[in-house]
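Read through the structure below, which is laid out as structure tokens, and then see the notes.
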Amino acid sequence: MNFGRLSMSQLDSLACKISNLSQLRQFHAQLIQNSLHHHSQWASLLISQCTRLRAPPPYTRLIFDSTPRPDIHVFISMLKYYSNLGSAHFNQVVTLYQKLQCCDLRIGTFVYPVLIKSAGSKGIEFHAHVLKLGLASDPYIRNAIMGLYAKYGPVENARDVFAEMHERTLADWNNMIFGYWNWGNKAEACRLFDMMPERNVVTWTAMVTGYARMKDLENARRYFDEIPEKNVVSWNAMLSAYAQNRFPEEALKLFDDMMNSRDQPNETTWAIVISACSSCGDCSLADSFVQKLNQKRIHLSYFAKTALLDMYAKRGSLQAARQVFDELGVSRNTVTWNAMISAYTRVGDLASARELFDKMLERDVVTWNSMISGYAQNGQSALAIDLFKDMITAADDPKPDEVTMVSVISACGHLGALDIGNWVISIVRKNHIKLSISGYNSLIFLYSKCGSMDDAKRTFQEMTTRDVVSYNTLIAGFAAHGHGMEAVKLLSKMKGEFVEPDRVTYIVILTACSHAGMLEEGWKVFESIKAPDADHYACVIDLLGRVGKLDEAKKIIDDMPKEPHAGVYGSLLNASRIHKRIDLGEFAASTLFELEPHNSGNYILLSNIYASAGRWDDVVRVRELMRKVGVKKATGWSWVEYKGKLHKFIVGDRSHERSDDVYRLLAELGRKMRNSGYMADKTCVLRDVEEEEKEEMVGTHSEKLAVCFALLVTDAEAVIRVVKNLRVCWDCHTAMKMISNLEGRKIILRDNNRFHCFSDGICSCGDYW
DNA sequence: ATAGGGTTAG
């Protein structure tokens, strides 16, 4: 094809048909062949295609740099390109602007809105510049500045700019409404909507999105239905409202309506629909969509392909996800990489996730958040915190946002690391990160896990709006500390404030009752649950079991309408251990050995039941069974947070600098414990057991090492925090009570799912025997 | 104005 003979508009329509990057490269090569690439008009055409196709920055930059005398349009398209990439490219935007100033071009005011938008959150820095140039009254520039404040806050500044306007365009009103929704101010958004002189699709769509974010789907739908002239975006907004709030069926129903309307789906629609399929678990439906698209030869954009990747990842087909990722090749963008990283973290493949993370050149906040939360959700809280430290020390990398903080604060909570948690909170303040409900929820979690219930309560009270998670988290805190009455009070409080309890609420309430021995209240709550599931049964078995009503518990299991799961038998086994019911313990354990043969905890519990009855032959038998099945008790580690550092202990590992002192104190405590009657010298009975195992069976656990360390370093402190990665087992539990009694101090210990506060030989967890 | 990342229990 001879490019020289084609007219501008012909070439323009040719360019629009380019559907992937290799086609773009071919097109580019042909321009070079025809020596057309020096012309600004071609450069700006190419760069706008780069924006559309998400070409990588080096390639786009190459086009720009090989244009000898770029005109204003080239600059504009380059700025728009960066604007599309997000705020991570602020430095390039600044360089571009400086170059533009040197080029002796006539800069029209229309450059500034693009400039401001392309700078993302840092566009604020242009605000002063624009004021200095005396351009602040330009309606387009004002609109851009207001949009900036609406998006990145403070929303009050947006309001001020809006208030100063003499004439307001429809776009100004829309921007302001978006701003109010963005900062959770529903009342103001509605007020503006009602008083504005005219409205368009954008206005209505902003209302739909706003309500959808507040999870108020009824109002979202009401506004959607009222839209006089819908377009693709408004359909997409409503579709995404359903999809994001876990109503995928509704989304698909609406999608049918859309297919029957005059608006046809675009790339974003496909992305939303595919992700709706994946969240309702109907992957075959998604497959049929993909098939239909292939038949119709509709090329999925990188945008929809990312959704497809995500769908495969959620379905657990990691290979399929990876295939999409590899197919995308150069048109992968940060979003694609991020989706692949979270695909790996979702299945717990942290190494592969980290490999991608390290390979990435342009990481945005989401990249960091995906990796940090990946660690946090896979029980690697310490690694999550380490990575967060890397994030804030790395110069070029993005600033943490609220999502980062939620993950990190929660990780601190899981570790019981209050000092580090407080340091994280100081970063929240320093960076002026506004906490939403989730942010406050993570604070409640942190304080509860660290034993600061007063701070947890205070945080809860400071919140203006609370969701069901806020209540659940605080109730869980009360449950862990044995404050049953406060938990039950919160249940009625939330009902009074029209927050609907969910299944987790009932789990934590029942746990609270059971830890506090509140049989009657707990039973009443259980009976009020409309459709109790197996988890709720597990809790109620625990409740009955702990107060000794084991036969009643067994009867409930027999009469369960649903199939009992391992948790139900686990509760029974634990109760049998507490009340030394060998018969029921054996029954529960034998079922559990079938249900989850590789869970070492069940074997240990049964072995402990036998040990407490002095049936040492049976103890040895269980140990042999474990060996036969090939189950090993996982090596546990415990840590203490001291002066902002985590001190980690593993049995047999003496790498800690105070190890000698720790072991000396441990031996001394062991002597005292033996003298006071604990550990009636089981060692001599267990002749056939190997030395290492023997030690473990009589309770040399990592948490004891950690407690000894804490006793050494914190002489006057009343509270010692020890955290452990495993369930605290029977021997250790008793030992902790002894230590707290001997030392006359309160010891707080966390295992991976419970909180133990030992004081005067009593533990708050409900094991009162 | 519409895609990707976050909080709670056992």
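Bear in mind that the values here come from a model prediction, so they are computed numbers and not experimental data. In what follows, every chain begins at residue 1, and chains take the letters A, B, ... in the order their sequences are listed.
- Under 4.0 angstrom from either OP1 or OP2 of dG4(B) there lies no side-chain N or O belonging to K305(A).
- Rounded to an integer number of Å, the gap from CD1 of I409(A) to P of dT8(B) is 11 Å.
- Within 4.0 Å of S442(A), counting heavy atoms only, lies no atom of the nucleic acid at all.
- Within 4.0 Å of S438(A), counting heavy atoms only, lies at least one base atom of the nucleic acid.
- Distance from the side chain of T511(A) is smallest to dG10(B) among dT2(B), dG10(B), dG5(B).
- Residue contacts for S407(A): at a heavy-atom cut-off of 4.0 Å it reaches the sugar-phosphate backbone alone, with no base atom in range.
- The nearest whole Å value for the distance from the CD atom in E500(A) to the P atom in dT8(B) is 22 Å.
- The side chain of Q377(A) contributes an N or O atom lying less than 4.0 Å from OP1 or OP2 of dT7(B).
- Aromatic rings from F178(A) and W173(A) are positioned such that their centres are separated by 6.0 Å or more.
- Counting only distance, with no hydrogens or angles, the side chain of E402(A) and the backbone of S436(A) share a donor-acceptor pair below 3.5 Å.
- Judged by atom type and distance alone, N574(A) does not reach the base of dG10(B) through any side-chain donor-acceptor pair under 3.5 Å.
- Here the C1' atom of nucleotide dT8(B) and the CG atom of L443(A) are 14 Å apart, to the nearest Å.
- A donor-acceptor contact under 3.5 Å is not formed by the side chain of N338(A) with the base of dG5(B).
- Y223(A) has its ring centre less than 6.0 Å from the ring centre of F193(A).
- Nearest nucleotide to the side chain of V469(A), out of dT8(B), dA9(B), dT2(B): dT8(B).
- Donor-acceptor pairing under 3.5 Å is lacking for the side chains of T334(A) and D364(A).
- N231(A) comes within 4.0 angstrom of a nucleotide base, judged by non-hydrogen atoms across all strands.
- Using a 4.5 Å cut-off on side-chain heavy atoms (C-beta onward), S261(A) and K230(A) make no contact.
- Whole-Å rounding puts the L510(A) CG to dA9(B) P distance at 15 Å.
- Taking only side-chain atoms of V406(A), from C-beta outward, the nucleotide of dG10(B), dG6(B), dG5(B) with the closest atom is dG6(B).
- One can place CG of L474(A) at 12 Å from P of dA9(B), the figure rounded to the nearest angstrom.
- Comparing dA9(B), dT8(B), dG5(B) by their nearest atom to the side chain of N472(A) picks out dT8(B).
- Residue contacts for V233(A): at a heavy-atom cut-off of 4.0 Å it reaches a base atom on one of the strands shown.
- The two residues W181(A) and K186(A) come nearest to each other via the heavy atoms CH2-CG, 3.5 Å.
- Between the CG atom of D502(A) and the P atom of dG10(B) there is a distance of 14 Å, rounded to whole Å.
- Of the candidate nucleotides dT8(B), dT7(B), dA1(B), dA1(B) has the atom nearest to the side chain of T209(A).
- Note on A307(A): nothing from the nucleic acid sits closer than 4.0 angstrom, heavy atoms only.
- For the pair M146(A) CE and dA1(B) P, the interatomic distance rounds to 11 Å; values are reported in whole Å.
- Under the 3.5 Å distance criterion, the side-chain polar atoms of N574(A) are left unmatched by any main-chain donor or acceptor of G570(A).
- For H414(A), the listed nucleotide lying nearest its side chain is dT8(B); candidates were dG5(B), dG4(B), dT8(B).
- Note on S410(A): a side-chain N or O is less than 4.0 Å away from OP1 or OP2 of dT8(B).
- Here H515(A) does not reach the OP1 or OP2 of dA9(B): none of its side-chain N or O atoms lies under 4.0 Å away.
- Contact annotation: Q244(A) does not reach the phosphate of dG6(B) (side-chain N/O to OP1 or OP2, under 4.0 Å).
- The distance between atom CZ of F526(A) and atom C1' of dG10(B), rounded to the nearest whole Å, is 15 Å.
- Base engagement by D401(A) is indicated by at least one non-hydrogen atom pair under 4.0 Å involving a base atom.
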